[in-house]
Amino acid sequence: MNYTAHKDGFARDNLPPRDQWPEFLFELPELKYPARMNCAAELLDGALARGHGGRIAIRTPDGKCSYAQLLAQANRLANVLVREMGLVPGNRVLLRGPNNPMMAACWFAVIKAGGIAVATMPLLRAKELIDIVNKARITHALCDRRLAQELETALPGCPTLERIRYWYDDAPGSLDALAARQPATFRNVDTAADDVALIAFTSGTTGKPKGTMHFHRDVIATCDCFPRSCLKASKNDVFCGTPPIAFTFGLGGMLCFPLRFGASTVLVERLAPETLLETIQNFRATVCFTAPTMFRAMAGIAKNYDIASLKKCVSAGEALPDATRQLFKQATRIEIIDGIGSTEMAHIFISHTPERVRRGATGYPIPGYRATVLDDDGRPCAPGTVGRLAVKGPTGCRYLADARQREYVRGGWNLTGDAYTMDHDGYFYYQARTDDMIVSAGYNIAGPEVEGALLGHTAVAECGVVGWPDEARGTIVKAFIVLKPGHQKTESMVAELQEHVKNSIAPYKYPRAIVFLDALPRTETGKLQRFKLRLRS
Ligand code: 3UK
């Protein structure tokens, strides 16, 4: 490793032992980075050096800000961190806010100052914040005033967290006021390319949250992979979408990717299907990042908006059912780009260009990454055989002081916890999370396949399929379904849906039990919470 710029050595000291790291690949010429690199400087100061200073970096419903203005504000905030808040390189800084310009500027400020950004989902509660603050020994926090209450509630449980400032706040000591008094220039800390820049906590459903550590070079590598090879982003693109900056899907899609290309990003704090379509219409957006359920909801109402500007759509977070892909294409003529990524891998590693889409597949390993499907003994599976997805590339899993490192990384491969098959052409097909495969009467059934079949019925808005304990059969397939308006939750509807599944896929996979709900439990990132369905009665 290169000599570190961190004076606080916590992050390096808590990286997993070297023999537990995944193998890293830097085969592409664009991934050969210098030994010293600060990713915030590369993205922001670099944008000015590339002549983008006068271009618009961020747009919001309230205004816009140029690259030069964003750089100046990030520099002022970095000065506040160092001069007024005593930040030392290597300190961890909690960031809390919805997607807005201050959240973006603070993220850059922390990293320019050699700090480690720990951005958290806006909806996290005090207990979850306490776990994160203690795990990452967070010393500083920058927080949107509107999210102050939960942080204040957490504070008694956070002994290391001593310095907090709030933004979008009129108080004299607020972050906004402190920043206004600082100069707009800042000398970036000369970090090593392999110094830790951020710790992203997984939106895990069970157990304590895991902190994934990412180096400065990892952030830039994510910008130089998916957006170049699959999205083909350019400086004329206007990005919009829903994933929070606190989720690495959103950090890339809503902030780092657009800036890497001199493009602009539209930051909106809360988006529903209607408001996302309005945003595309009003800002003439060309690129949209969101989750499959949002694409499905937008498909139904897209005709009410002028979204002619929209060219490229990226779906991630969970599997994109083919029924949703087709509905969205019928409504907009756009072929969605599906991509699987993970917090551990920082961003997308299997995806495709719109031209190279293959129905039912997530795609192929994007340039820079390799992937394979392994059996339980770690040997490659034959094409068509279900096994564990394994990937490697320029990014990879390094958990912060966590024994679960040995589960995610084996033999240099990152094991994402997903069951996949590969075909003879190297396309990868998602089956289920490994622990979500349903075994019923001796058959292996992938819940998402049954969901995909149900979504092909015109009455189904959303659905989730899980294994359900059953006296006679051990486990049965049970579907939780949200009907579209105008359809009745009747016994005959149950029979009709069961018949529909039997006619779409192998009949033994049909849901023997069907329950109608008004909404499905989902995370802030749009993921279906199957464990909550399993807990229902
Ligand atoms: C699942 C998918 C099928 C899969 C993420 C893009 O979702 C992200 O990170 P998380 O850590 O979850 C990772 C897990 O989510 N998944 C994600 N995308 C897909 N399954 N098809 C997909 N297209 O189980 C994966 O292991 O929350 C996604 C970029 C950055 C991310 N952090």
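Order of appearance sets the numbers: ligands from 1, and atoms from 1 within every ligand. Predicted, not measured: the structure shown is a model, and the values here were computed from it.
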Looking at the rings of Phe249 and Phe289, which for Trp means the six-membered one, are their centres under 6.0 Å apart? yes
Counting distance only, does the side-chain N/O of Thr362 pair as donor-acceptor with the main-chain N or O of Ile340 below 3.5 Å?
no
If the cut-off is 4.0 Å to any non-hydrogen atom of [X], which atoms of ligand 1 fall inside it?
{"X": "Tyr430", "value": "3 (C), 20 (N)"}
{"X": "Thr248", "value": "30 (C), 31 (C), 32 (N)"}
{"X": "Thr343", "value": "9 (O), 10 (P), 11 (O), 27 (O), 32 (N)"}

Can you figure out which of [options] has its heavy atom closest to [atom]?
{"atom": "atom 9 (O) of ligand 1", "options": "Ser342, Pro243, Gly363, Ala319", "answer": "Ser342"}
{"atom": "atom 23 (N) of ligand 1", "options": "Gly339, Ala346, Ala316, Gly526", "answer": "Gly339"}
{"atom": "atom 22 (C) of ligand 1", "options": "Glu318, Gln431, Arg433", "answer": "Glu318"}
{"atom": "atom 17 (C) of ligand 1", "options": "Gly317, Pro321, Pro448", "answer": "Gly317"}

For ligand 1, note which part of Ile340 has a heavy atom under 4.0 Å away: side chain, backbone, both or neither.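 Contact part for Ile340 vs ligand 1: both backbone and side chain.
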With heavy atoms and a 4.0 Å threshold, my read on which part of Phe249 contacts ligand 1 is both
Could you tell me if any non-hydrogen atom of Thr202 lies under 4.0 Å from any atom of ligand 1?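 Heavy atoms of Thr202 never come under 4.0 Å of ligand 1.
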So Tyr508 and Tyr443, would you call those rings parallel, tilted or perpendicular, with 30° and 60° as cut-offs? parallel
Polar atom proximity, Thr362 to ligand 1 (N or O, under 3.5 Å): no
| query | Any N/O of Ile348 closer than 3.5 Å to an N/O of ligand 1? | reply |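 There is no such contact.
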Please tabulate, for side-chain N and O atoms in residues 18-27, each donor-acceptor pair with protein atoms closer than 3.5 Å (sequence neighbours left out).
| from | atom 1 | to | atom 2 | distance (Å) |
| --- | --- | --- | --- | --- |
| Trp21 | NE1 | Pro16 | O | 2.8 |
| Glu23 | OE1 | Lys392 | NZ | 2.8 |
| Glu27 | OE2 | Arg370 | NH2 | 2.5 |

Ring pair (Phe, Tyr, Trp, His ring centres under 6.0 Å) pairs touching residues 251-276, sequence neighbours excluded, are Phe257-His347
